[in-house]
Amino acid sequence: MTAQLIDGNALSLQLRAQVAARVQALQAKGITPGLAVLLVGENPASQVYVRNKVKACEDAGLHSLLEKYDASMTEADLLARVEGLNNDPRIHGILVQLPLPAHIDGQKVIEAISPAKDVDGFHIASAGALMTGMPGFWPCTPYGCMKMLESIGYDLKGQHAVVIGRSNIVGKPMALMLLQKNATVTICHSATPDLKAMTLQADVIVAAVGKRNVLTADMVKPGAVVLDVGMNRNDEGKLCGDVDFEGVKEVASYITPVPGGVGPMTITMLLVNTLEAAETSAAKDH
Ligand code: NAP
């Protein structure tokens, strides 16, 4: 079997066109959705991420505000800036690019963001909303994975999903989203003794580890759907995922590539969350 690709670039194009149309509808009412992106320090990967996010906003007609601060910025100053943006009616979403310098408590900064503007979905109120099935912002990466499953018409009900990784930003919210769609969910992590025994039972596998070749063909049940969240570099320095793509694509029914898979979907869902924050705010004002 050769798996069909779930093309994150193509799906993103479709979804971003829908975002752009909804942005235009809001603009007709005099509202432009606005995203503020705060970057502290010079982390090169972060610089690339924020550039991509700002460009995606501009392309879809959203207003973006990129603020770059020196690595020496104090926690108090960053908290004050977040508070200012909480009260700025032109800004509907606030994103603080992580990681922050070591002297700043990242969780404290995230908790300072108004939950109504928490478009990254990292605030404890957003996490609680996801856990209890209440409305709230979903973290963009697992949300993008759910959209990828939706795009192939995959019905999760009664299926066994195995999530590899349990971070607060990918693994755990991913598991909750799959559960919400009635999958039976197993979460694996670094202390899971026999990962292969788990993944071989899976109808859907999400790999979110950050290590190459965590998932190889012998670990995948024929016909399983494989989503690769990982972002790593191979020996040639090229971007690659957690999944041995060449091997696994011969066993899986669907697979996401890296690059061009989950990565673009993450930014797309950030646009969706920001748009929805603006729509909710507009509905309240009228
Ligand atoms: P993270 O916080 O480092 O979490 C990694 C998880 O993998 C942890 O739960 C860890 O277990 C688990 N793990 C480590 N080694 C393992 C092993 N051998 N077997 C099974 N589980 C293992 O990373 P993250 O933030 O979730 O990100 C994961 C990957 O996704 C990274 O490559 C990151 O760059 C990528 N990512 C991509 C996007 C995107 O847009 N495409 C967005 C976010 C993240 P323990 O909890 O036991 O330590």
Side-chain angles (χ1 to χ4, degrees), residues 1-15 138-167 170-232 234 238-266 268-269:
M1 176 188 297
T2 299
Q4 291 190 53
L5 271 194
I6 311 179
D7 182 337
N9 284 324
L11 182 56
S12 282
L13 270 180
Q14 277 177 31
L15 294 174
W138 282 7
C140 302
T141 301
Y143 191 9
C145 290
M146 294 304 284
K147 285 285 171 195
M148 293 179 115
L149 290 173
E150 198 181 301
S151 77
I152 58 167
Y154 195 85
D155 184 4
L156 283 158
K157 187 175 178 185
Q159 301 297 299
H160 185 186
V162 170
V163 179
I164 319 175
R166 57 170 164 183
S167 70
V170 189
K172 279 187 217 160
M174 183 79 251
L176 288 168
M177 289 173 201
L178 293 162
L179 186 64
Q180 205 175 95
K181 294 289 178 193
N182 297 317
T184 300
V185 182
T186 301
I187 307 176
C188 300
H189 45 77
S190 66
T192 300
D194 188 351
L195 182 63
K196 180 176 171 179
M198 298 294 133
T199 57
L200 273 175
Q201 297 175 35
D203 303 302
V204 176
I205 303 171
V206 182
V209 173
K211 288 181 186 159
R212 285 165 59 192
N213 298 331
V214 154
L215 191 76
T216 47
D218 58 313
M219 300 168 74
V220 177
K221 180 167 82 174
V225 174
V226 176
L227 307 184
D228 191 353
V229 177
M231 287 203 304
N232 311 296
N234 66 15
K238 284 196 183 142
L239 195 62
C240 68
D242 289 347
V243 174
D244 170 23
F245 182 84
E246 289 307 320
V248 171
K249 80 173 182 358
E250 299 305 324
V251 186
S253 59
Y254 287 91
I255 189 167
T256 64
V258 179
V262 176
M265 290 300 293
T266 296
T268 299
M269 300 327 291

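Just so you know, residue 1 is the first one in the sequence shown, and it goes up from there.
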Participant: Side chain to side chain contact (heavy atoms under 4.5 Å, CB included) for Arg212 and Asp244? Distances and angles first, verdict last.
Facilitator: CA-CA 7 Å; Arg212 285 165 59 192; Asp244 170 23; over 6 Å; no

Participant: Give me the atom names and distance for the closest heavy-atom approach of Asn213 to Thr216.
Facilitator: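 Closest approach of Asn213 to Thr216, heavy atoms only: O-CG2, 3.9 Å.
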
Participant: I'd like to check Cys145 versus Val262 (side-chain heavy atoms, cut-off strictly below 4.5 Å). Are they in contact?
Facilitator: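 Cys145 vs Val262: side chains touch.
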
Participant: Met265 and Gly8: which non-hydrogen atoms are nearest, and at how many Å?
Facilitator: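 Smallest heavy-atom distance, with atoms named: SD-O, 3.8 Å.
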
Participant: Look up atom CG in Leu239 and atom CG in Asn232, then write down how far apart they are to the nearest 0.5 Å.
Facilitator: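 CG of Asn232 is found 8.0 Å from CG of Leu239.
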
Participant: If you take all heavy atoms of Tyr143 and Met177, which pair is closest and at what distance?
Facilitator: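 Reported closest heavy-atom pair: N-SD, 3.7 Å.
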
Participant: Nearest 0.5 Å please: distance from the NZ atom of Lys249 over to the OG1 atom of Thr256.
Facilitator: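 If we round to the nearest 0.5 Å, Lys249:NZ and Thr256:OG1 are 14.0 Å apart.
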
Participant: Does the Thr199 side chain pair with the main chain of Met219, one donor and one acceptor, at a distance under 3.5 Å?
Facilitator: yes

Participant: State, to 0.1 Å, how close Ile6 and Pro257 come at their nearest heavy-atom pair, and which atoms those are.
Facilitator: O-CD, 3.2 Å

Participant: With the side chain counted from C-beta on, respond yes when Leu227 and Leu149 share a heavy-atom pair under 4.5 Å apart, and no when they do not.
Facilitator: yes

Participant: Would you give the length of the straight line joining atom CG of Leu176 to atom CD of Gln180, rounded to the nearest 0.5 angstrom?
Facilitator: 8.0 Å

Participant: NE2/His160 to CD1/Ile205 distance, rounded to the nearest 0.5 angstrom?
Facilitator: 9.5 Å

Participant: Search all heavy atoms of Gly165 against all heavy atoms of Ile187 and return the closest pair with its distance.
Facilitator: O-CG2, 3.7 Å

Participant: Does atom NZ of Lys221 have more than 12 heavy-atom neighbours from other groups under 6.0 Å away?
Facilitator: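 Buried by this count: over 12 neighbours within 6.0 Å.
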
Participant: Would you say Asn234's side chain and Cys240's backbone share a donor-acceptor pair under 3.5 angstrom?
Facilitator: no

Participant: Consider side-chain hydrogen bond (donor to acceptor under 3.5 Å, both in side chains). Of Thr266, Thr268, Asp7, which one does Ser12 pass it with?
Facilitator: Thr268

Participant: Are the side chains of Gln201 and Val162 in touch, meaning some heavy atoms are under 4.5 Å apart?
Facilitator: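 No - every pair of side-chain heavy atoms lies 4.5 Å or more apart.
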
Participant: Might you point out which heavy atoms bring Pro264 and Asn9 nearest each other, and give the distance in Å?
Facilitator: CG-OD1, 3.2 Å

Participant: Indicate whether the side chain of Thr2 and that of Glu250 have a donor and an acceptor atom separated by less than 3.5 Å.
Facilitator: yes

Participant: Is a side-chain N or O of Asp228 found less than 3.5 angstrom from the main chain of Asp242, in a donor-acceptor match?
Facilitator: yes

Participant: Roughly how far, to the nearest 0.5 Å, is CD1 of Ile255 from CE of Met148?
Facilitator: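 If we round to the nearest 0.5 Å, Met148:CE and Ile255:CD1 are 11.0 Å apart.
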
Participant: Nearest 0.5 angstrom please: Tyr154 OH to Gln159 CD, how far?
Facilitator: 3.5 Å

Participant: Please check this pair: side chain of Asp203 against backbone of Ala224, looking for a donor-acceptor N/O pair closer than 3.5 Å.
Facilitator: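 No; zero donor-acceptor contacts below 3.5 Å.
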
Participant: Between Thr192 and Leu195 (side chain of the first, backbone of the second, donor and acceptor by atom type, cut-off under 3.5 Å), is there such a pair?
Facilitator: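 It does not hold such a pair.
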
